[in-house]
Amino acid sequence: MADSVLMQVDDHVALITVNDPDRRNAVTFEMSAALRAAVDAAEADPEVHTVIVTGAGKAFCAGADLTALGEATEDGLRRIYDGFLAIAHCTLPTIAAVNGAAVGAGLNLALAADVRIAGPNALFDPRFQKLGIHPGGGATWMLQRAVGPEVARAALLFGMRFDADAAVRHGLALEVADDPVAAARELAAGPAAAPRDVVLATKASMRATANPGTVDTDQHRTAVDIELGPQAASIESPEFARRLAAAKRR
């Protein structure tokens, strides 16, 4: 597994850390692939009953690396998505311990988890519109599922951001904790102590009963496909190139 993603297993809990603090854990193609590999390893390990994902340093994840994003075709976008989609489709219970800013693709990573615990400095920021790009990776579906249509529209259409307290108030996070990883470990003790097959079956049943007749991972895949074309087109626009160059100068 690449150094950009670390995994440690203790007491039936896999702690996955996106690990590029100097660049605020921005998602590169390498990091996305490493995150997928970590999730696959956790699912394949019979000793792992639940997964926590967090960020090294002060940020949770500052979004997609701008160079990778600017060069991305539709296939490249899917490669950027792959890491957080691995969390979204994970058969094990997942908790995002959001220690700092979760921006753009970083917000997607947080939304992909079953539960989010916010640290005092957590910030949930879509940022897509500010960059001049269409949301991707199923963001429109995940955010509406988490907070409802009105708040999701306030975020994606009007640029609303959520600090830790606002995230809890709107249902985006379960709680605020001084040490979100420790709080996540405390919550993870439940599935860690339960039979693994029961944990897996319970999550599968919840996915199938959230909207009977469909499975939520299928809904997410549909959302990804719907968003992909408009997002790719927005990245190819001169306006995005201008905003990208300005962001890189900062």
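Index from 1, following the sequence. Predicted, not measured: the structure shown is a model, and the values here were computed from it.
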- Item | Thr28/Arg23 under side chain to side chain contact (heavy atoms under 4.5 Å, CB included): CA gap, chis, key distance, verdict | CA-CA 10 Å; Thr28 61; Arg23 297 194 310 149; 2.9 Å; yes
- Do we see a donor-acceptor contact under 3.5 Å between the side chains of Glu227 and Tyr81? no
Check this for me: [X], atom [atom1], are more than 12 non-hydrogen atoms of other residues, nucleotides or ligands nearer than 6.0 Å?
X: Asp218; atom1: CG; answer: yes
X: Asp178; atom1: CG; answer: no
X: Arg196; atom1: CZ; answer: yes

- Message: Would you say the rings of Phe162 and His170 are close, in the sense that their centroids are separated by under 6.0 Å?
- Response: yes
Whether the side chain of [X] engages the backbone of [Y] through a donor-acceptor N/O pair (distance < 3.5 Å, no angle test) should be reported.
X: Ser234; Y: Gln231; result: yes
X: Asn19; Y: Gly55; result: no
X: Asn25; Y: Ala62; result: no
X: His220; Y: Gly137; result: yes
X: Arg116; Y: Ala97; result: no
X: Asp163; Y: Asp165; result: yes
X: Ser237; Y: Phe240; result: yes
X: Lys203; Y: Val198; result: no

Any salt bridge between [X] and [Y], counting N to O under 4.0 Å?
X: Asp216; Y: Arg145; answer: yes
X: Arg78; Y: Asp225; answer: yes
X: Glu239; Y: Arg242; answer: yes
X: Asp82; Y: Arg79; answer: no

- Candidate pair Asn121 and Lys58, rule side chain to side chain contact (heavy atoms under 4.5 Å, CB included), full reasoning: CA-CA 8 Å; Asn121 297 317; Lys58 294 182 179 180; over 6 Å; no
Interatomic spacing from [atom1] in [X] to [atom2] in [Y] - rounded to 0.5 Å:
X: Arg185; Y: Ile52; atom1: CZ; atom2: CD1; value: 5.5 Å
X: Arg36; Y: His89; atom1: CZ; atom2: NE2; value: 8.0 Å
X: Ile16; Y: Leu6; atom1: CD1; atom2: CG; value: 10.5 Å
X: His49; Y: His12; atom1: NE2; atom2: NE2; value: 4.5 Å
X: Met160; Y: Asp125; atom1: CE; atom2: CG; value: 11.5 Å
X: Arg207; Y: Thr214; atom1: CZ; atom2: OG1; value: 12.0 Å

- Task: Using the test salt bridge (charged side-chain N to carboxylate O under 4.0 Å, His left out), find all partners of Glu175 that sit at least two apart in sequence or belong to another chain.
- Result: none
- Go through the steps for Leu156 and Gln129 under the test side chain to side chain contact (heavy atoms under 4.5 Å, CB included), then give the verdict. CA-CA 7 Å; Leu156 293 176; Gln129 191 176 72; over 6 Å; no
- Please assess Asn99 against Thr54 for the test side chain to side chain donor-acceptor pair (under 3.5 Å), listing each intermediate value before the final yes or no. CA-CA 7 Å; Asn99 51 303; Thr54 193; 3.3 Å; yes
Could you report the tightest heavy-atom contact between [X] and [Y], atom names first, then the distance?
X: Cys90; Y: Val51; result: SG-CG2, 4.4 Å
X: Ala118; Y: Ala164; result: CB-CB, 3.9 Å
X: Ala223; Y: Gly138; result: CB-CA, 4.0 Å

- Task: Determine, step by step, whether Leu174 and Leu187 satisfy the side chain to side chain contact (heavy atoms under 4.5 Å, CB included) criterion, reporting the C-alpha distance in whole Å, the side-chain angles of both residues, the deciding distance to 0.1 Å, and the verdict.
- Result: CA-CA 11 Å; Leu174 181 68; Leu187 187 63; 4.0 Å; yes
- Partner of Pro93 under side chain to side chain contact (heavy atoms under 4.5 Å, CB included), picked from Thr202, Leu200, Val199, is Val199
- Task: Group every Ile, Leu, Val, Met, Phe, Trp and Tyr by side-chain heavy-atom contacts under 4.5 Å, then state whether Leu131 and Leu143 land in the same group.
- Result: yes
- Trace of the side chain to side chain donor-acceptor pair (under 3.5 Å) decision for Thr94 with Asp114: CA-CA 5 Å; Thr94 54; Asp114 295 314; 3.2 Å; yes
